[in-house]
Amino acid sequence: MSNSPDLKAITKKFFAAYDGHDVDCMLALCADGAQGRYLPYGKKSVMPIRGGLEQIWRGLLGAVPDFGVEVDEMIQGEGNIIVVQALLGGAMPADVPGLVTKGKSDRIAHAYIIRYDASGKIKRLDCYWDNTAINAIMASAL
């Protein structure tokens, strides 16, 4: 029997906390000094999870009260890496033809690469999404 942490179970817990708007639980699953990067913000957008991504999560959850997360697929990578495909979103502020409908809760595809330390804490979280869709939504809301 292995003493290795069940990374898929930890990952499911992380996304369940995100879906449940429980940022404190999300942070509890992260190692001290954990780093994250949202690639659409730029290649050099690496920041601490605590105080960095945390603020993005809290702001998003406050701005989109019905925000939700649906994990579509989880893939165990080499070592302590999990890759996740998920749909994230909530009620949209404006119509974007072909993408979202105003007031309807729509979701946008995201891909995560999550690296864990030996104890099963997230040490690095990288996220990718279709920034064109996000920009179209923001432009339509103006």
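Scope of the values below: all heavy atoms of this structure, side chains included, with no hydrogens, waters or symmetry mates. Predicted, not measured: the structure shown is a model, and the values here were computed from it.
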Colleague: With distance as the sole test, does His21 use its side chain to make a donor-acceptor pair with the main-chain N or O of Phe67 at under 3.5 Å?
Modeller: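 Yes, because the side chain of His21 sits within donor-acceptor range (under 3.5 Å) of the backbone of Phe67.
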Colleague: Give the minimum heavy-atom separation between Met47 and Gly52, together with the two atoms involved.
Modeller: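 In this case the closest contact between Met47 and Gly52 is SD-C, 3.6 Å.
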Colleague: Could you list all the side chain to side chain donor-acceptor pair (under 3.5 Å) pairs where at least one residue sits in residues 113-127, not counting sequence neighbours?
Modeller: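 Only Thr11-Tyr116, Arg37-Asp126, Arg115-Asp126, Asp117-Ser119, Arg124-Asp126 qualify under side chain to side chain donor-acceptor pair (under 3.5 Å).
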Colleague: Of all the heavy-atom pairs spanning Ala31 and Arg50, show the shortest one and how long it is.
Modeller: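 Minimum heavy-atom contact is O-NH1, 2.9 Å.
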Colleague: Please list, chain by chain and in numerical order, all residues satisfying side-chain hydrogen bond (donor to acceptor under 3.5 Å, both in side chains) with Glu54, sequence neighbours excluded.
Modeller: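 Glu54: side-chain hydrogen bond (donor to acceptor under 3.5 Å, both in side chains) contacts with Arg58.
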Colleague: Kindly compute the distance separating CD (Gln76) from CG (Asp6), expressed to the nearest 0.5 Å.
Modeller: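 Rounded to the nearest 0.5 Å, the CD-CG separation comes to 8.5 Å.
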Colleague: Give the C-alpha distance, both sets of side-chain angles, the deciding distance and a yes or no for side chain to side chain contact (heavy atoms under 4.5 Å, CB included) between Val84 and Phe14.
Modeller: CA-CA 11 Å; Val84 176; Phe14 177 85; over 6 Å; no
Colleague: Tell me whether the rings of Trp57 and Tyr18 are parallel (<30°), tilted (30 to 60°) or perpendicular (>60°).
Modeller: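 Tilted, since the angle between the ring planes falls between 30° and 60°.
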Colleague: Can you name the nearest heavy-atom pair linking Met74 to Lys12, along with the distance?
Modeller: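 In terms of heavy atoms, the two residues are closest at CE-CG, 3.1 Å.
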Colleague: If you measure from NZ on Lys13 to CG on Asp22, what distance do you get to the nearest 0.5 Å?
Modeller: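 Lys13 atom NZ to Asp22 atom CG measures 9.5 Å (nearest 0.5 Å).
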Colleague: In a check of side-chain contact (heavy atoms from CB on, under 4.5 Å) between Ile49 and each of Leu29, Ile56, Ile122, which one passes?
Modeller: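 Per the side-chain contact (heavy atoms from CB on, under 4.5 Å) rule, the option paired with Ile49 is Ile122, out of Leu29, Ile56, Ile122.
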Colleague: Evaluate the side-chain proximity of Ile82 to Tyr112: yes if any heavy-atom separation is below 4.5 Å, no if none is.
Modeller: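 Heavy-atom side-chain distance check fails, nothing below 4.5 Å.
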Colleague: Could you check whether any side-chain heavy atom of Trp129 comes within less than 4.5 Å of a side-chain heavy atom of Leu88, counting everything from C-beta outward?
Modeller: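 Heavy-atom side-chain distance check fails, nothing below 4.5 Å.
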Colleague: For Leu53 and Gly36, work out which heavy atoms get closest and say how close.
Modeller: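 Where Leu53 meets Gly36 most closely, the heavy atoms are CD1-CA, 3.5 Å.
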Colleague: Would a single hydrophobic cluster contain both Val46 and Ile114, if residues Ile, Leu, Val, Met, Phe, Trp and Tyr are joined by side-chain heavy-atom contacts under 4.5 Å?
Modeller: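 No; Val46 is not reachable from Ile114 via cluster members.
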Colleague: Could you report the tightest heavy-atom contact between Val69 and Ala86, atom names first, then the distance?
Modeller: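 Minimum heavy-atom contact is CG1-CB, 4.4 Å.
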